[in-house]
Peer 1: 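Submitted below is the structure of interest, expressed as structure tokens.
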Amino acid sequence: MRRRVRDTAGAQGRSGAAAAVLAWYDTHARDLPWRRPPDPTGQAPLPDPYRIWLSEIMLQQTTVAAVAAYFKAFTERWPTVEALAAADETEVTAAWAGLGYYSRARNLHACARMVANDYGGRFPESAAELKRLPGIGDYTSAAIAAIAFGEPAPVVDGNIERVVTRLFRIGEPLPGAKPIVRAKVAEMMPGERPGDFAQAMMDIGATICVPRRPACLLCPLRPDCEAETAGDQTAYPVKAAKKAKPKRRGAAYAAFDRSGQHIWLRRRVSKGMLGGMVEVPSSQWSSRSDGATGPNGAPFAANWRKIGEVEHGFTHFDLTLEVFAAVIDETPESDGWWAKLERLGAEGLPTLMRKAIDLAIAFQESQYRL
DNA sequence: AAAACGTGGCC
DNA sequence: TGGCCAAGTTT
């Protein structure tokens, strides 16, 4: 039996589609802080695995725009995995504050310590080994292996799911269709430049094959795209229906000292919502539908006054937090510490807490002006 | 396997 | 306004 003649696009791989993708990437790659420019030769040195790993963790379910500033801050403060491993976990979670999904920060730190202590400061180079490290799953292990180590690992993220389900009109709903998508990516994989191929596919998804109004006329995969031919691009990917978000209520208690210069903070337990993060004392809003509200839910007695409410949307519920404030004369006999208002930025407050505290401070300042 | 897990931007 | 979406992982 005769073999089909192999695509003769040279280093561009076994699939014409992959060749088109790489050629597109050579002139249209996004310029991102953690990225090396496209390498048409496939011979350039690979990027620093530490920076690739850090960027990939930050980018999980998070936009490029949100990540950029954090990536800069982290790499300036901790230029190597050893430096990050030497930091306290609380420093790392504080620096992560505002980026969300805080288990990532704890896993990031744990992973840095494993790489520093168990791997001599060098990341393992295969997707299979990388996947054993905390915070690194299917996507991230493949991405690091491909981008930082040149392994032809099939990378599948949300962008690539969209591109590939359209390309092949895959009608199975996600996430069940993920193995099909991964198999298609593996089939498309070029013989060279696996890292550039992965990044190119993600860039196509992020800039051309977008959820609404995809710019198919600009797409290097247009000639191959079944959905474009059928004209039903936006019908893909098919996703399982989402559940309704419940509404929850809770309360936060902002205690100021007599000087008005300090607020009482404490650290949340490491599991669950905002795990390990700093908060103004609050009720059990994270674990019940009607978190105890009112002045009686406070961790210590004071002349609590309700000063307002803040709204905050989480992934799986919407929260209304009643905010109470009081001035107290004694340091509470409960876990926590006085934080200087001018230095709240260094405390690493998650956004929900930032909202509650901003409201409390505004109220406090309005009282002093009277 | 389904649910938990943040945040901000867009239309 | 509210739902959708963004380089997912863990349990």
Side-chain angles (χ1 to χ4, degrees), chain A residues 30 32-35 51-71 93 96-108 110-111 130-148 153-163 173-176 178 181-182 185 195 197-207 209-214 234 237 239-248 268 270-277 279 286-287 310-319 348-355:
Chain A
R30 286 180 293 174
L32 302 171
W34 44 86
R35 187 180 270 185
R51 293 167 63 88
I52 298 304
W53 163 71
L54 178 61
S55 68
E56 291 300 345
I57 302 298
M58 288 184 167
L59 286 161
Q60 290 167 3
Q61 298 289 283
T62 308
T63 57
V64 163
V67 165
Y70 285 84
F71 180 79
T93 56
W96 195 275
L99 201 51
Y101 284 139
Y102 296 102
S103 66
R104 291 186 295 171
R106 286 176 272 125
N107 284 148
L108 183 85
C111 183
L130 286 161
K131 191 163 146 36
R132 299 169 57 185
L133 296 170
I136 300 183
D138 286 332
Y139 161 76
T140 306
S141 59
I144 297 172
I147 297 168
V155 174
V156 179
D157 76 327
N159 288 306
I160 294 177
E161 284 173 352
R162 191 169 52 253
V163 171
L174 288 167
K178 193 162 288 203
V181 173
R182 186 176 294 108
V185 172
F197 178 68
Q199 294 173 97
M201 291 287 281
M202 290 191 276
D203 278 16
I204 290 169
T207 64
C209 196
V210 293
R212 286 173 288 209
R213 300 171 165 277
T234 54
K239 293 191 175 177
K242 292 199 168 89
K243 303 178 65 173
K245 267 198 209 180
K247 296 195 182 305
R248 290 187 182 175
R268 294 176 63 80
S270 62
K271 298 273 183 190
M273 293 296 302
L274 311 182
M277 301 304 289
E279 70 166 0
S286 59
S287 57
V310 296
E311 306 281 339
H312 194 70
F314 289 109
T315 308
H316 55 294
F317 63 91
D318 288 319
L319 178 66
L349 292 160
T351 300
L352 167 65
M353 295 303 160
R354 191 74 243 186
K355 288 181 184 174

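Chain letters run A, B, ... following the sequence lines, proteins first and then strands; every chain starts at 1. Note that the structure is predicted; figures quoted are calculated from it, not measured.
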Peer 1: Distance check: side-chain N/O of Lys239(A) vs OP1/OP2 of dC4(C), anything under 4.0 Å?
Peer 2: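 Looking at the OP1 and OP2 atoms of dC4(C), neither is under 4.0 Å from any side-chain N or O of Lys239(A).
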Peer 1: Does Arg162(A) make a side-chain donor-acceptor contact with the base of dA6(C), cut-off 3.5 Å?
Peer 2: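 For Arg162(A), whose side chain was compared with the base of dA6(C), there is no donor-acceptor pair (under 3.5 Å).
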Peer 1: Nearest-nucleotide wise, let me know which of Gly205(A) and Leu133(A) is further upstream toward the 5' end of DNA chain C.
Peer 2: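 Whichever sits nearer the 5' end wins; that is Gly205(A).
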Peer 1: Please report, rounded to the nearest Å, how far the C1' atom of dG8(C) is from the CG atom of Leu54(A).
Peer 2: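 Atom CG in Leu54(A) sits about 16 Å away from atom C1' in dG8(C).
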Peer 1: If you look at every strand shown and take non-hydrogen atoms under 4.0 Å, does Arg354(A) touch a base, only sugar-phosphate, or nothing?
Peer 2: nothing
Peer 1: Specify the separation, in whole Å, of atom NZ of Lys242(A) and atom C1' of dA2(B).
Peer 2: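 Rounded to whole Å, this separation is 14 Å.
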Peer 1: For nucleotides dG8(C) and dA1(B), find the distance between their C1' atoms and express it as a whole number of Å.
Peer 2: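 dG8(C) and dA1(B) have their C1' atoms separated by 16 Å.
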Peer 1: Classify the ring geometry of Phe314(A) against His312(A): parallel below 30°, tilted from 30° to 60°, perpendicular beyond 60°.
Peer 2: perpendicular
Peer 1: Out of curiosity, His316(A) NE2 to Met273(A) CE, how far, rounded to the nearest 0.5 Å?
Peer 2: 5.5 Å
Peer 1: Using atom C1' of each nucleotide, how far apart are dA7(C) and dA3(B) to the nearest Å?
Peer 2: 22 Å
Peer 1: Nearest 0.5 Å, please: how far is CG in Leu32(A) from CD in Gln199(A)?
Peer 2: 8.0 Å
Peer 1: Are the side chain of Arg162(A) and the backbone of Cys209(A) linked by a donor-acceptor contact shorter than 3.5 Å?
Peer 2: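 Yes, Arg162(A) side chain to Cys209(A) backbone: donor-acceptor pair under 3.5 Å.
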Peer 1: Under 4.5 Å between any side-chain heavy atoms of Thr93(A) and Arg106(A), yes or no?
Peer 2: yes
Peer 1: For Glu56(A) and Tyr139(A), which I'm curious about, is there any donor-acceptor pair between the side chains at under 3.5 Å?
Peer 2: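 Yes, because at least one side-chain N or O of Glu56(A) sits under 3.5 Å from a partner of the opposite role on Tyr139(A).
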Peer 1: What is the distance, rounded to the nearest whole Å, between atom CG of Leu108(A) and atom C1' of dA7(C)?
Peer 2: 15 Å
Peer 1: Rounded to whole angstroms, how far apart are CD on Glu56(A) and C1' on dA6(C)?
Peer 2: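 For the pair Glu56(A) CD and dA6(C) C1', the rounded distance is 13 Å.
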Peer 1: To the nearest Å, give me how far apart CG (Leu174(A)) and C1' (dA2(B)) are.
Peer 2: 15 Å
Peer 1: Specify the residue among Pro134(A) and Ala206(A) whose closest nucleotide of DNA chain C lies further upstream toward the 5′ end.
Peer 2: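 Closer to the 5' end of DNA chain C: Ala206(A).
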Peer 1: In whole angstrom, give me the gap between the P atoms of dC5(B) and dA6(C).
Peer 2: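 Between the two P atoms, the distance is 22 Å.
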Peer 1: May I have the distance from Asp318(A) (atom CG) to dA4(B) (atom P), rounded to whole angstrom?
Peer 2: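 In whole Å, dA4(B) P and Asp318(A) CG are 14 Å from each other.
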Peer 1: What contact category does Thr140(A) fall into here, base, sugar-phosphate, or nothing, at under 4.0 angstrom with non-hydrogen atoms?
Peer 2: sugar-phosphate
Peer 1: Would you say that Val156(A) contacts Asp138(A) through its side chain, given a criterion of any heavy-atom pair below 4.5 Å between the two side chains?
Peer 2: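 Result no, sub-4.5 Å side-chain heavy-atom pair not found.
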Peer 1: Do Leu130(A) and Trp53(A) come within less than 4.5 Å of each other through their side chains, counting heavy atoms only?
Peer 2: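 The answer is no, as the side chains (C-beta and beyond) never meet within the 4.5 Å cut-off.
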Peer 1: Give a yes or no answer on whether the side chain of Tyr70(A) reaches the backbone of Ala97(A) with a donor-acceptor pair at less than 3.5 Å.
Peer 2: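 Yes: the side chain of Tyr70(A) pairs with the backbone of Ala97(A).
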Peer 1: Assign Leu32(A) to base, sugar-phosphate, or nothing according to its heavy-atom contacts below 4.0 angstrom with the strands shown.
Peer 2: base
Peer 1: Encode nucleotides 6-11 of chain B as B, S and - characters from 5' to 3', where the letter depends on protein heavy atoms closer than 4.0 Å: B to the base, S only to sugar-phosphate, - to neither.
Peer 2: BBS---
Peer 1: Sticking with atom C1', work out how far dG8(B) lies from dT10(C), rounded to a whole angstrom.
Peer 2: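 It works out to 24 Å between them.
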Peer 1: Quick check: closest heavy atoms across Asn159(A) and Gly205(A), and the distance to 0.1 Å?
Peer 2: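 Distance-wise, the nearest heavy atoms are OD1-C, 3.5 Å.
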Peer 1: Classify Trp96(A) by what it touches in the nucleic acid, base, sugar-phosphate, or nothing, heavy-atom distance under 4.0 Å.
Peer 2: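 Result for Trp96(A) = nothing.
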Peer 1: Where along residues 153-160 of chain A does a heavy atom fall under 4.0 Å from DNA chain B?
Peer 2: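 Nucleic-acid contacts, sorted: none.
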Peer 1: Output yes when at least one side-chain N/O atom of His316(A) is less than 4.0 Å from OP1 or OP2 of dA3(B), else no.
Peer 2: no
